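Proteins come first, then strands; the chains are lettered A, B, ... in the order of their sequence lines, and each starts at number 1. Just so it is clear, the model here is predicted, and its values are computed rather than measured.
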Protein chains: 2
Amino acid sequence: MARYEQIASDLRDAIVRGDYPIGAQLPSEAELALRYSAARGTVRQAVALLAAEGLVGSRQGARRIVLGSERSQSFAELHSFAQWARSMGYRASGTVLSSRRRPCSPSEAVRLSLEPGEEVLDVLRLRRLDGEPVLVERTVYAGWIAPAVERLDPECESVTQELYESVGLVFAYGEHLIDAVAAGSEDARLLDVRRGSPLLRQRRVTTTQEGRPVECSDDRYRAGSVTFSIRNSTAANPLVRRAGD
Amino acid sequence: MARYEQIASDLRDAIVRGDYPIGAQLPSEAELALRYSAARGTVRQAVALLAAEGLVGSRQGARRIVLGSERSQSFAELHSFAQWARSMGYRASGTVLSSRRRPCSPSEAVRLSLEPGEEVLDVLRLRRLDGEPVLVERTVYAGWIAPAVERLDPECESVTQELYESVGLVFAYGEHLIDAVAAGSEDARLLDVRRGSPLLRQRRVTTTQEGRPVECSDDRYRAGSVTFSIRNSTAANPLVRRAGD
DNA sequence: AGCTCTGGCTTGTTTGTACAAGTTCGCCTA
DNA sequence: TAGGCGAACTTGTACAAACAAGCCAGAGCT
């Protein structure tokens, strides 16, 4: 662990513990540098990390202030339903309901950087939290990863983790589109809600470290089961609003 | 504009223009430093900006790669419906349907850092895109900003901008919770949809530069009108999934 | 009392240097 | 031909120094 990560971790703990309550001022960079025997630049990297997490805010000339004290999860926990569920103390389970190969559609070819007509793997999964069905996942995997996906246990808990352990695949980058849709008849049946009832939809495309697209997915959460949370500031915000399509 | 922002802007333009297509490698830091006659540290700040926007990805030892080419909007455009709409080429309008003062509830007192029972301003607004109603905003303003809000034109297009111009208020930080809900009867009537149809809900709390909460709001978008988009990576992601509440 | 202004404090930007750690690719060998 | 090895390249981390720019409180003035 890098020095600046240690410092960030230490400060984060202090904030979560309540040493610096919401609204309080953080020590100045100079003081922190002295306290941790580090250069000012290193301290700045640490607090930049906390700022990116939305825990502290800063303005030129004024001391940094604490904005929040909730610890935010890692990328892995956002990407992987199972890892997120586990970290929240839920028991996650899932079932593959169907899995078949087919040629990709033109729009999928674009999103997954495939040749038109190249083969993809289409998987329908139902995910549960503590036994309750909360999520229908319709995922399209690029052909080159399909064999590894097909080898997975249909009841496999964490696809992300299994793929990492079996073929060393790392999901590194993702783009997510979030909106609301009405439950179709299949959604309704699987999630045990009425047809037309509101679902939170997350469409995503995930790529490897090298920027190679792996999968795109249409995930639908039962209303009330899951909420997305974003902290942002004038400095940095990756969340954008888009016109409906 | 700082040097690193200029460099970032230049690189961003090149990416958007297609000089560096998706999947392509960016020049090395050393080469960029030479090209822009800047120190390597300055170049690193520039590409860090692009990485935070999700435009490029990076791994130690390998060249940076281009992940996307869409320009993401600024915080102001996320926060302000009107500014976002304008930047997307839509015509935004809005109407205040009701506005009244009342004592705050216990939960509001916590979220807005108020004394229990302190007065707040409750505003119901309907927002339109190109004349079509797409958003119902139920906003609660802290008492200290209420007078300035009440002075606003009921048809005021951009509340954010007006408050900045009239009292110098800057919305600097925000926390957003996103989920899906069914339209209530009032929602349905205002948005011209059927009761129970899906809406995308964004609950937010916004604070000033000093960390002082200004408003909390419950915004409901008609399904299909607006999508939220997030790019993230293993390095940084402010978006988190939360259990429903 | 209320106002202005200034000086010190704090964060922001930039440059330079050095080394650590991971990737890539060509060369050499078995 | 397949595999291993290593050199060159590239990004990550850390330190030091200097100046710019913005904030704030206290001194001093009206």
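Partners of A:Glu119 by side chain to side chain contact (heavy atoms under 4.5 Å, CB included), not counting sequence neighbours, listed by chain and number: A:Arg101.
In this structure, A:Leu34 places its CG atom 15 Å from C1' of C:dT10, rounding to the nearest Å. In this structure, B:Ile65 places its CD1 atom 15 Å from P of D:dT10, rounding to the nearest Å.
With rounding to the nearest 0.5 angstrom, the CZ atom of A:Arg138 is 13.0 Å from the CZ atom of A:Arg125.
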What does the B/S/- profile of nucleotides 13-25 of chain C look like, 5' to 3', with a 4.0 Å heavy-atom cutoff to protein? BBB--B--BBSS-

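Regarding contacts with the backbone of D:dG12, a side-chain N or O of B:Arg64 is found under 4.0 angstrom from either OP1 or OP2.
Within the structure, side-chain hydrogen bond (donor to acceptor under 3.5 Å, both in side chains) pairs that include any residue of residues 162-171 of chain A comprise A:Gln161-A:Glu165 (at least two apart or interchain).
Proximity of A:Arg64 to A:Glu29: side-chain heavy atoms (C-beta onward) are separated by under 4.5 Å at one or more points.
For A:Arg59 and B:Glu210, the salt-bridge test passes: some basic side-chain N is under 4.0 Å from an acidic carboxylate O.
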